[in-house]
Number of protein chains: 2
Amino acid sequence: MDVRTVCLGILSRGSATGYEIQKAMKEGWPSLFFEASYGSIYPALAKLTDEGLVTCREETEVGRPDRKVYSITPEGDQAFSQSLLKPLTPDRYRSDFLAMIYFSDSLPPALLQKYLDDRIREHQSELQLIDELSEGDQTPGEAFLMEWGRRINQLCIEFIADNRDVLEDGVVVQQAEAAE
Amino acid sequence: MDVRTVCLGILSRGSATGYEIQKAMKEGWPSLFFEASYGSIYPALAKLTDEGLVTCREETEVGRPDRKVYSITPEGDQAFSQSLLKPLTPDRYRSDFLAMIYFSDSLPPALLQKYLDDRIREHQSELQLIDELSEGDQTPGEAFLMEWGRRINQLCIEFIADNRDVLEDGVVVQQAEAAE
DNA sequence: CCGCTATATATCGAACTGATAGGTTTGTTG
DNA sequence: CAACAAACCTATCAGTTCGATATATAGCGG
C-alpha cells in the first residue's frame, strides 16, 4: 500500500489538507501502520487530483498560504475499495534500536543502558498516545488497533525490563573475562 | 542506520558476498530489524570499497560470474563503532495488514477472514525461522532478539485469535442492521 | 521582543525499492 | 534421465520515498 492509497483511505474518513494527512500519519490511528513525509504526500495529492479521485477546494486565507482542502470523489471511493482487494504486501520494519541490540557487543555499556531507558520511555509515550486516541468514537478497526497497540507496547516495556540483564550481564561477564 | 552501516555491521561478523548480505537481511538475524534490496546493497559495497572501509577479494570462478567476497578493514571496524555512537533514529514501520484492519469496514468479510488466517500463518513461519536461527551459537544480542521475536509473534497470534470477533462481529452487526 | 510551536504549502538531492536481466550449479520429480 | 525449479551471484534503473530545508503567519511564554 503506497502513499497514494493511504491518502485516499484517510480522505475516505473525511476531507483534509495535506498537512492534516501528514499529522494523521504521525499522531493519529494511521501512525500505527504508516508514515510518510510531505515530499511524498503533496505529489500524491496532486496526482490524485489530476486523475479525478479527489477534488481540491482552495480556501484563500488572508496573509498566509491558501488552505487546500482535499475531498474524495465517488471515483476515489471506488478506487480505494478496489485497492483493498489487491493482495497485501508484507510488513516492512526497520529498527535502529534492534540493530543496536544485535551489535551491542561493540557498544559502551553506559550507552546501551541509556538506549534501553530511552526505549522504555518511547513505548510509554506511545501507550499514552493510544489512550488519547481511544477517547470517544470507536470503529471495530480502531478498537482492534487500540488493543493491539496497547498489548505490543506493554510487552516491549515488560520485556526490556525483564531481559536487559542478558545484555548488560553479557558485558559484565566479558569484562570479568578480560580481567583474568 | 542506512544500508551502508548495516552492511558494515554484518561484515564485522565475518566476510560475505553481496548476495550473502542480502540473504542475512532476509533470513538471518538482521531480518528482524532490517531489509534491503540488491539495488541498495551493491552500490553501498562499491562505495565502502572506494572509501577503504571494506576490501574486495575477487574469486574467479570457472564458467560463472566472479564471487566478490567483501571483508571489513580496521578503518571499517572503527567507522562502524563510531556510527553506533550516533543517536538512534526512530523505528520505521509500514503494515498493509494493520492498514487493512483499520479500513476493514470497506472490506468483504470473507476477505477479512482470509487475511487474518494468512497473518497467523505468517507469524508461525517467523516463529519457525527464529527457532532455526537459535540453533547453536548465541551472542547476548542474539539471545535477546530471539526471545523478543518469539514473544512478539506469540502475542500477535494469540491476539488475532482472541480478538478477530471484534472485527468479524462488527461486520455481522452491520449486516443485521442493514437487514432491518 | 526573542524564540518556540503550530499551521500550511512546497521542493530537491539522496536513498531506496521492486523489477528485471543474465548466466551457472544443484536438487528434485515425473 | 530429462525437464524443471531453486539456489547462487552480479548488476542496473525507473520510479518512489525520505529528510532536510525554504517560506510565511499566528500566538504564546520568558
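Naming convention: chains lettered A, B, ... in sequence-line order (proteins, then strands); numbering from 1 in each chain.
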Among dT17(D), dC16(C), dA10(C), the nucleotide that comes nearest once only the side chain of Val3(A) is considered: dT17(D)
Rounded distance in Å - CG (Asp2(B)) to C1' (dT17(D)): 15 Å
N or O in side chain of Arg92(B) less than 4.0 angstrom from dG19(D) OP1/OP2: yes
Distance in angstrom units between Ile21(B) CD1 and dA11(D) C1', rounded: 15 Å
Inter-end axis angle, the helix from dC1(C)-dG30(D) to dG30(C)-dC1(D), with every axis fitted to five base pairs (rounded, 10 degrees): 40°
Arg121(B)/Asp118(B) ion pair, N-O < 4.0 Å: yes
Stacked cation flag Arg151(A) on Phe159(B), 6.0 angstrom / 45 deg: no
Spacing of Ile41(A) atom CD1 relative to dT9(C) atom C1', expressed in whole Å: 12 Å
Carboxylate-amine/guanidinium proximity below 4.0 Å for Glu142(A) and Arg13(A): no
dC18(D) OP1/OP2 closer than 4.0 Å to side-chain N/O of Ser40(A): yes
Distance below 4.0 Å between Tyr42(B) side-chain N/O and dT10(D) OP1 or OP2: yes
Sugar-phosphate only, base, or nothing, as touched by Gln22(B) at under 4.0 Å among non-hydrogen atoms: nothing
Whole-Å distance separating the CD atom of Glu58(A) from the P atom of dA8(C): 14 Å
Nearest heavy-atom neighbours spanning Ala36(B) and Ile41(B): O-CD1, 3.9 Å
Rounded distance in Å - CZ (Arg67(A)) to P (dT9(C)): 7 Å
Sugar-phosphate only, base, or nothing, as touched by Gly39(B) at under 4.0 Å among non-hydrogen atoms: base
Integer-rounded Å distance: dA7(D) C1' and Glu20(B) CD: 12 Å
Presence of Thr17(B) side-chain N/O under 4.0 Å of dT10(D) phosphate oxygens OP1/OP2: yes
Nearest-angstrom distance from the residue atom OH of Tyr19(B) to P of dC8(D): 4 Å
Interatomic distance, Glu59(B) CD vs dC8(D) P [rounded to whole Å]: 15 Å
salt_bridge(Arg150(B), Glu147(B)) N-O dist < 4.0 Å: yes
Lys23(B) vs dC9(D): side-chain N/O to OP1/OP2 distance below 4.0 Å: no
Arg164(A)/Asp117(A) salt bridge by N-O under 4.0 Å criterion: yes
Between Ser134(A) and Asp131(A): side-chain donor-acceptor atoms closer than 3.5 Å: no
DNA chain D: 5'-proximal contact among Arg94(B) and Pro43(B) (nearest heavy atom): Pro43(B)
